[in-house]
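Comments concern the structure below.
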Amino acid sequence: MALRRDEWLDLARKLDWSYSYVDEHAVFPDLVAGRPWLPHSAWEGFREPYRTAYSEYVATQHTKETVVHAVRAAVGKIDDFQRLDPQWLAALKLHAATLPLAEFAAVIGNLRAARFGRDSAWRTTALFGALDETRHTQIPLLLMHELVRWDRQFDWAHRFYHSNNWVAIAARHLMDELLLASDPIEFAVATNFVFETGFTNLQFVGLSALAHDVGDRMFETMVKSIQTDEARHAQIGPAVLATVVAHDRAYAQALLDKWFWRQWHLFAVVTGFAMDYLTPLAHRKASFKEFMQEWVIDQFARSLTEIGLEKPWYWNEFLASIDYYHHMVYASAYSYRATVWFDLALPGPGERAWLKDKYADSWDALDPIWARIAERWQIGGPELEWYVHGTTPVGFCNLCQLVLCGGTPAKNTARVVDAEGHRHIFCSEPCAWIFEQNRARYAGHRDVVKRILAGDAPANLLELLRTYFGVTPETWGKDVARGRYPWMEAR
Ligand SMILES: [Fe+2]
Ligand SMILES: [Fe+2]
Ligand SMILES: [Zn+2]
C-alpha cells in the first residue's frame with residue numbers, strides 16, 4: 001500500500017543527520033557556507049511555506065513548459081515580432097541580453113546553497129531553484145535565437161555577458177558578486193530576499209502587464225512562467241534571514257543595505273527604461289515611479305518590518321533618486337546610443353507631457369535635455385545620428401560601473417575616495433559606502449575609463465565601439481525612428 005503524501009514528504013524534503021566521524025565545521029566550512037556560522041540546531045527551524053517533492057516539481061514544471069511551447073508555436077515566429085512596435089522591441093532586446101546568462105549564474109549560486117545551505121530543507125529548495133534557473137536561462141535563449149537571423153541585435157541575448165560592453169561590465173560586476181561569489185547565506189539574503197521578493201514583482205506584475213498591452217504575448221508568457229518559479233525558491237530568503245537576524249542583526253542589515261542599493265541601480269536601468277521610455281505612449285499605464293511605489297516601496301518596506309530590519313540608512317536618498325536616476329541614465333544612454341546593442345527612443349511632446357505629469361517634482365529639470373536633443377535633430381535632419389551623439393568617453397562609478405548619474409542635473413552626488421594611492425570616484429554616497437565596506441574586493445576592478453588610460457581599451461570612440469564594446473554599425477544602437485518623428489516634421 002502506498003504512503004500518503006504527508007507521510008513521506010517531510011522525509012523527502014527535510015532529512016538531516018549527525019556526523020559521527022567528522023566535525024560539522026568540516027562539512028560546512030564557514031568560508032563557503034557563510035556567516036554567522038552556527039551549529040545546525042540554530043538552522044533546523046527552516047521551513048519553506050510551499051513544500052514540494054521532486055516528482056511534483058517535475059510534473060508542475062512540465063506543464064509550465066508545455067504552456068510556453070504552445071505560446072511559442074502560436075506567436076513566437078519572426079513575423080509575430082515584426083508586428084510589434086520598434087520601441088518595444090528595444091525594451092525586449094535590453095531584457096533579452098541582461099536576463100538569460102544572469103539566470104545561468106543564479107544556477108551556480110543555488111547549487112552552492114544546495115550543498116552548503118545549513119539545513120536539508122534549505123538545500124532541497126535550493127536544488128529546485130537551480131533547476132528553475134536553468135530553465136530561465138534556456139527559455140529566453142531559445143525564444144530569441146529564432147529572431148537573430150531577422151535582427152542581429154537579438155544576438156546579444158547570448159553575446160552580452162561575454163562582451164566588454166560597458167553595460168555588460170556593470171552587469172557582470174553586480175551579477176558575479178551576487179550570484180557567483182556569494183556564500184549561501186549572503187545569496188539567500190541578496191538574491192532570494194532582496195532580488196526575488198523585493199524587486200521581481202515589479203517585473204512580473206508591471207512589465208508583464210505592459211507586454212500584454214503592447215501585444216507581446218511571448219514576453220508576457222515568459223515572464224509569468226519564470227515568476228511562478230521565482231516565487232517558490234524566493235521562500236528561502238525570509239526563512240534564512242530570520243536566523244541571521246536572530247544571531248547577527250547588524251550583519252543582516254548590512255547585507256540588506258548593500259544589496260538593495262546595488263539592485264536598485266540595475267532595475268532602474270532595465271525596468272525604468274522599459275516602463276518610462278521604451279513602452280509606446282498609448283500602452284503606458286503607470287510610471288516606473290508608481291510601480292516602484294506600490295511593489296517595492298510599500299510591499300518591501302512592510303516585509304522588512306515583519307522580519308525585524310530597518311529601511312536602509314540611505315532611504316531618503318533612495319526616494320529622491322526615484323525621481324531622477326533612471327531619467328539621467330536614459331539621457332546618457334540616448335546620447336551615447338551607439339555604445340549599446342539596442343535602439344533608444346526620443347521622447348516627443350506627448351511623452352514629455354506624460355513624464356511631466358508623472359514626475360511633477362523633477363521633470364522641469366530634465367526636460368531641457370530633450371528640448372536640446374530634439375533641436376539638434378531638427379537642425380541635422382533624419383539619419384544624421386552622429387550630429388545628435390556624444391563623442392568623448394564619459395565617467396563611470398567605480399562601484400556600480402554605471403555612468404556617473406547620481407543626483408540631479410543641477411547637483412550631482414558624486415563622491416571621491418582616495419585609497420592606497422588610488423583615487424576612486426562614485427556616483428553616490430551608498431556606492432562609496434559599499435566600496436568602503438570591502439575595499440579589498442572592489443579596489444582592483446578597473447572601470448572603462450581606467451582601462452582606456454591604461455591603454456587596454458581605445459580612447460577613440462569608434463575604435464572603442466568596434467574593438468572593445470563589440471558592436472558594429474549594423475548592431476549598435478540608433479534612434480528607433482532614425483530621427484523621423486511626425487511631430488518633428490510638423491514643426
Ligand atoms: Fe530565475
Ligand atoms: Fe531566481
Ligand atoms: Zn554607483
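Counting convention: from 1, in listed order, for ligands and their atoms alike.
- For residue Glu196, an N/O/S atom approaches the Fe ion (ligand 2) to within less than 2.8 Å.
- Within a 6.0 Å sphere centred on NE2 of His422, other residues, nucleotides and ligands contribute 12 heavy atoms or fewer.
- Here Glu65 pairs with Arg135 in a salt bridge; the nearest charged N to carboxylate O distance falls below 4.0 Å.
- For His136, every N, O or S atom stays at 2.8 Å or more from the Fe ion (ligand 2).
- His233 and Asn192 get closest at one heavy-atom pair: O-ND2, 3.5 Å.
- Put simply, Glu103 gets within reach of the Fe ion (ligand 1), with an N, O or S atom under 2.8 Å from it.
- Look at Glu230 and the Fe ion (ligand 2): an N/O/S atom of the residue is under 2.8 Å from the metal.
- Between Phe318 and Trp261, the distance from one ring center to the other does not fall under 6.0 angstrom.
- Residue contacts to the Zn ion (ligand 3): Cys427 brings an N, O or S atom closer than 2.8 Å.
- Of all N/O/S atoms in Glu133, OE2 sits nearest the Fe ion (ligand 2).
- Between Phe260 and Phe300, a ring centre-to-centre spacing shorter than 6.0 Å is recorded.
- Annotation: angle subtended at the Zn ion (ligand 3) by Cys400 SG and Cys431 SG is 110°, to 10°.
- For Tyr325 and His265, the gap between ring centers is short of 6.0 Å.
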